[in-house]
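Data block below; observations after.
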Amino acid sequence: MKNSQDIINSYEKNVMNTYGRLPLALNKGENSRAEDADGKKYIDFGSGIGTNSLGFCDKDWVDAVCTQANKLQHTSNYYYNSPNAEFAELLCDKTGYKKAFFGNSGAEANECAIKLARKYSFDKYGKGRHNIITLENSFHGRTLATISATGQEVFHNYFFPFVEGFIYSKANDINDLKSKLDGSICAIMLEYIQGEGGVIALNQDFVNEVYRIAEENDILVIADEVQTGAGRTGKFLAGEYFSKKANITTMAKGIAGGLPIGVCLADEKCGEVLTKGTHASTFGGNPICCAGGVAVLKKVNNSFLKEVSKKAEYIRKRLLEIHEIECLSGMGLMIGITLKTKNSAEILSKALDNGLMVLTAKEKLRLLPPLTITYKDIDEGINILKTLLD
Ligand SMILES: *Cc1c(COP(=O)(O)O)cnc(C)c1O
């Protein structure tokens, strides 16, 4: 078996150097614990960027995925398959959406949302009403359209020309958004809590106004819940905190427990917009990924979500006992940590040395622990953080 250094060397030789990777090669895991290729053990406060929602190798999830892999791995979308049918039904039941489209990532889910919004408007109003307002400091993905949608200048480099038709507006500033309204807008796209942008939640007043303006002008609201969805915040969708349901909601990261899938959900108003031949994905709705998704949805019920909220309350209380921590942001188990004096990237690296995986978002530390994390592992992780911070 290869040790960590062999694995790292092999990447350096053969894999494009697009990530600022840390010197950790994971080998196996169980819920909120993992082990690297040299046998060193870790507590996981990152869950693969919120993707391993049930932690590493949840028993029921593994059974569901393996059972499906032993039956049928792919069919193409010329045919139907049962796990995709079941996943779609559970998703629509749980969220109240009318129709789902399945892709393979968050970016693809957002691509679908963008296409859907533009076609909705084209079908009703013809050409020219194609612009989408997105928020400054947002993050919507890495494909050309989704980096164009992303309201951060740092991403708008090298790959010119970018996709036209995105207008950036300040988050939580309704007057700025109003000043950008003209007859050309077909949708407003937002994250209820900007994840990559630094775990920053939108204000209720701003969200209320966005929905009011959208309703009044037949503009669709697209909620990018790729990071906030699937129980991360203690609600199945973060929109529930705002008592809002977007016309379109996209999900990915945690929705299938670590398998690649992206979902674009559309309501009654726009569920029938994408018609035969207008959108497609070869892998979309893959039965193994969907079996993983079904296992997640069966677990993430109301009592599970209550438990997520309880754990979130506990971990937040414990974090605030650390003097170096200035304040916390986000909701539920999506946690941004502002430090008083220390550098978050340095803490992240030291935490790893001490057996704790954490994340950063902009200048903050960011925690996205598995939703199934144990109290024991919360305590152990917090103790590591405490020794590094205080
Ligand atoms: C991660 C993320 C994406 C991109 O998802 P990929 O699966 O990497 O394409 C899009 N939107 C938000 C809010 C995200 O957090």
Side-chain angles (χ1 to χ4, degrees), residues 16 18-21 46-53 101-117 132 134-152 154-155 159 163 166 168 171 187-202 207 221-233 235-239 241-242 246 248-265 281 283-286 289 292-293 296 329-336 359-362 364 366-369 371:
M16 285 188 199
T18 59
Y19 300 97
R21 290 185 212 271
S47 64
I49 323 185
T51 295
N52 298 326
S53 45
F101 177 87
F102 295 92
N104 314 286
S105 66
E108 279 183 61
N110 287 335
E111 287 271 346
C112 177
I114 292 163
K115 287 178 71 177
L116 197 164
I132 297 176
T134 66
L135 299 181
E136 286 181 12
N137 199 45
S138 55
F139 181 79
H140 297 299
R142 295 290 201 150
T143 60
L144 270 173
T146 57
I147 35 172
S148 302
T150 292
Q152 298 189 51
V154 290
F155 290 105
F159 313 115
V163 176
F166 296 97
Y168 314 110
I188 301 170
M189 185 166 179
L190 53 82
E191 297 157 88
Y192 290 110
I193 308 169
Q194 295 188 331
E196 301 307 305
V199 196
I200 305 167
L202 296 180
V207 172
V221 178
I222 302 170
D224 178 346
E225 293 230 31
V226 167
Q227 190 161 153
T228 53
R232 174 53 54 190
T233 64
K235 303 275 185 196
F236 188 71
L237 291 174
Y241 275 108
F242 295 87
I248 302 170
T249 287
T250 56
M251 303 179 77
K253 291 198 166 85
I255 191 67
L259 289 174
I261 197 159
V263 188
C264 177
L265 294 163
S281 162
F283 285 114
N286 173 274
C289 298
V296 169
S329 64
M331 288 169 179
L333 287 177
M334 179 172 183
I335 304 170
L359 303 162
T360 58
K362 293 286 163 70
K364 288 179 190 168
R366 172 173 48 153
L367 310 183
L368 299 169
L371 306 181

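Just so you know, these numbers come straight off a predicted model, no measurement behind them. Counting starts at 1 for both ligands and their atoms, in listed order.
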- Query: For the side chain of T250 and the backbone of N110, is there at least one donor-acceptor N/O pair under 3.5 Å apart?
  - Reply: no
If you scan protein heavy atoms around atom 9 (O) of ligand 1, the nearest is A107 N, 2.8 Å
With heavy atoms and a 4.0 Å threshold, my read on which part of S105 contacts ligand 1 is both
*asked:* Would F139 count as a polar contact of ligand 1, with the cut-off being nitrogen or oxygen pairs under 3.5 Å?
replied: yes
With heavy atoms and a 4.0 Å threshold, my read on which part of N110 contacts ligand 1 is side chain
### Task
List the steps and the verdict of side chain to side chain contact (heavy atoms under 4.5 Å, CB included) for V263 and L265.
CA-CA 6 Å; V263 188; L265 294 163; 3.9 Å; yes
Looking only at protein heavy atoms, what sits closest to atom 14 (C) of ligand 1 is K253 NZ, 2.9 Å
Taking only non-hydrogen atoms of G106 and a 4.0 Å limit, the atoms of ligand 1 in range are 5 (O), 6 (P), 7 (O), 9 (O)
message = Please determine whether side-chain hydrogen bond (donor to acceptor under 3.5 Å, both in side chains) holds for the pair Q194 and K362, giving the CA-CA distance in whole Å, both sets of side-chain angles, and the decisive distance to 0.1 Å.
response = CA-CA 11 Å; Q194 295 188 331; K362 293 286 163 70; over 6 Å; no
Q227 heavy atoms within 4.0 Å reach ligand 1 at atoms 15 (O)
message = Is there a polar contact, in the sense of an N or O pair closer than 3.5 Å, between E196 and ligand 1?
response = no
Contact region, E225 to ligand 1, non-hydrogen atoms below 4.0 Å, reads neither
**Prompt:** Just by modelled atom types, is the G198 backbone N or O under 3.5 Å from a matching donor or acceptor in the K364 side chain?
**Reply:** yes
Shortest non-hydrogen pair, R142 vs T146, comes out as N-OG1, 3.2 Å
C264 and I248 have their tightest heavy-atom pair at SG-CG2, 3.6 Å
Q. Any non-hydrogen protein atom below 4.0 Å of atom 5 (O) of ligand 1?
A. yes
Is it the case that atom CZ in F155 sees more than 12 heavy atoms from other parts of the structure closer than 6.0 Å?
yes
So for E191 against ligand 1, with non-hydrogen atoms under 4.0 Å, the contacting part is side chain
* Asked: Can you check side chain to side chain contact (heavy atoms under 4.5 Å, CB included) on Q227 and R232, steps first, answer last?
  -> CA-CA 8 Å; Q227 190 161 153; R232 174 53 54 190; 5.6 Å; no
Under 4.0 Å from one or more heavy atoms of D224, ligand 1 contributes atoms 10 (C), 11 (N), 12 (C), 13 (C)
